[in-house]
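First comes the structure, then the notes that go with it.
Index from 1, following the sequence.
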Amino acid sequence: MLEKLTGTFSNIIRTISGKSTITEKNIEETVEEIKMALLEADVNLRVVRRFVNATIEEAKGEKVLKAVDPGQQFVKIIYDRIVTMLGDKKTDLSLKGPDTQSVILLLGLQGAGKTTAAHKLAARLKKEGRRPLLVACDLVRPAAVEQLSVLGQKIDVPVYKEEGAKDAVKVAKAGMDFAKKNGLDTVIIDTAGRLQIDEAMMQELVNIKNALPPQETILVADAMTGQNAVDIAKSFDEKLGLSGVILTKFDSDARGGAALSLKTITGKPILYIGTGEKTEDFEPFHPERIASRILGMGDVVSLVEKAQQTVDQEEALRMQKKMQRNEFTLQDMLEQFQSVKKMGSMSQILDMMPGLAGQISEEQLAQADTKRQEAIIQSMTYKERMNHLIIGPSRRKRIAKGSGTSVQEVNKLIKQFEKTKLTMKKLSRNKGAQAKLLQQMGGMGGMGAGFPGGLGF
């Protein structure tokens, strides 16, 4: 996620934050580096110019040049300016109360991910206590209605559809009637897209909007298309009046041009971002958190939220007791690996860790990936997982063959497991050591060292 931009900004921030004095020349050189980084990230030229002018103007004032810690003060200015580029603050949906219907109209070009975004949004709203209905108004793309039906079943959300329908406006209005009769309070309309903007598509969308009308008119755009996404947003906004944007494929966007340009150019906030293929890979857009990630400062708040959403509290308590009794097994380690995977890919997790965002090489990331370690444990018998001491040379050879790894990798995993278990044993007997470890992990920065199996950082 924004790897290229984060790597560049992390280096810039590290260099400038350590300076005890800042000169106008330092400021100009740093801002020039940032300018080039933003242009390479496909950020709109007008946005870049505005950023550069505002940063230089503020940084050259007495606030920075005469500050006690000018390097940190300058970093704060850069952070604030990026937050402003991204939209200042999180924007929530403007929906009515639960006793009436709120309509969310989703628009976008074909391939942007409207249907997937519709079901992800429905799942999130359902989790927040609303009663959503998905309405299949994409009557152009083959199998679009069926795709929405399947996705709706997956999250147990009703889907209104009419087989063989030709009039999207009639389907949308009928969907509203269905919602009223069944006490459903949030109607999400999935509309037809095209490979490019055309008058017929726009007129159909205008007709649907006029017939409803919606509380939210949201463009679903592909983050990887950079400035094209901004141009598309401008075109849709001129015709339909957008209330916000959902950026899909944000996890695959290494540059960030769309996210950094949209608010300034269109005036419309980014509401949500798609961060993966799973239903739950869909997050509210927090400008300040994304700015923190871009600067390589991590995003501890989002990381903790993900942990809270995915970790079973009873299971965590059970695991804690096993650690205290020195009963931690390879089977438990496997379950820990699988629990962390629910929070997202390893690269996504590392992006949110302070000091690690943008600093992890491909080789280190490969080492942090637990797939091979999981394969090794899964190739063991249940008895071996519960008692690693019985795993002798012949068993290790069999496990390596069964997991497609080497004996050396099996040995390394078992050694790491023994080291982790020993650490847990010491901690269970030493309250002071527990407090020290918690202090080290206060910013989640100690996660690499304390993580079962180790991340190798």
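A donor-acceptor pair shorter than 3.5 Å cannot be found between the side chains of D222 and T225.
Under the salt bridge (charged side-chain N to carboxylate O under 4.0 Å, His left out) criterion, E409 pairs with R372, not counting sequence neighbours.
Every pair passing side chain to side chain donor-acceptor pair (under 3.5 Å) that includes a residue from residues 229-244 is listed here, sequence neighbours excluded: E216-S243. Residue pairs meeting the salt bridge (charged side-chain N to carboxylate O under 4.0 Å, His left out) criterion with at least one member in residues 129-149, sequence neighbours excluded: R130-D185, R131-D185, D138-R141.
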Please table the atom pairs, donor to acceptor, closer than 3.5 Å between any side-chain atom in residues 162-178 and protein atoms at least two apart or in another chain.
unit_1	atom_1	unit_2	atom_2	d
E162	OE2	Y160	OH	2.6
D167	OD1	V169	N	3.0
D167	OD1	K170	N	3.4

Side-chain polar contacts of residues 99-114 - donor-acceptor pairs under 3.5 angstrom, sequence neighbours left out - could you list them?
unit_1	atom_1	unit_2	atom_2	d
Q101	NE2	L184	O	3.0
S102	OG	K96	N	2.7
K114	NZ	G108	O	3.2

Sequence neighbours excluded and cut-off under 3.5 Å, please list the side-chain donor-acceptor pairs for residues 35-49, or say none.
unit_1	atom_1	unit_2	atom_2	d
D42	OD1	Q227	NE2	3.2
D42	OD2	Q227	N	3.1
N44	OD1	R46	N	2.8
N44	OD1	V47	N	3.4

Could you walk me through whether E280 and K120 satisfy the salt bridge (charged side-chain N to carboxylate O under 4.0 Å, His left out) test, starting with their C-alpha distance in whole Å, then the side-chain angles of each, then the deciding distance to 0.1 Å, before giving a yes or no? CA-CA 7 Å; E280 59 270 21; K120 287 183 176 182; over 6 Å; no
Evaluate the criterion side chain to side chain contact (heavy atoms under 4.5 Å, CB included) for residue pair E283 and F250; output intermediate values, then yes/no. CA-CA 10 Å; E283 305 173 8; F250 197 74; over 6 Å; no
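Counting non-hydrogen atoms of other residues, nucleotides and ligands closer than 6.0 Å to NZ of K90 gives a total above 12.
Taking CD1 of I377 as the reference point, atom CD of E335 lies at 10.0 Å (rounded to 0.5 Å). Atom CD1 in I294 sits 6.0 Å away from atom OG1 in T6 (nearest 0.5 Å).
In this structure a side-chain-to-backbone donor-acceptor pair under 3.5 Å is present from N11 to G7. Between the side chain of T329 and the main chain of M386, no donor-acceptor pair closer than 3.5 Å is present. Between the K126 side chain and the D156 main chain, a donor and an acceptor come within less than 3.5 Å of each other. In this structure, S292 contributes its side chain and E288 its backbone to no donor-acceptor pair below 3.5 Å. Side-chain N or O atoms of R385 include one that pairs as donor or acceptor with a backbone N or O of Q378 at under 3.5 Å.
Applying the side-chain contact (heavy atoms from CB on, under 4.5 Å) test between F282 and each of I246, T116, I273 identifies I246 as the sole match.
Counting only heavy atoms from C-beta outward, the side chains of K268 and L262 never approach each other to under 4.5 Å.
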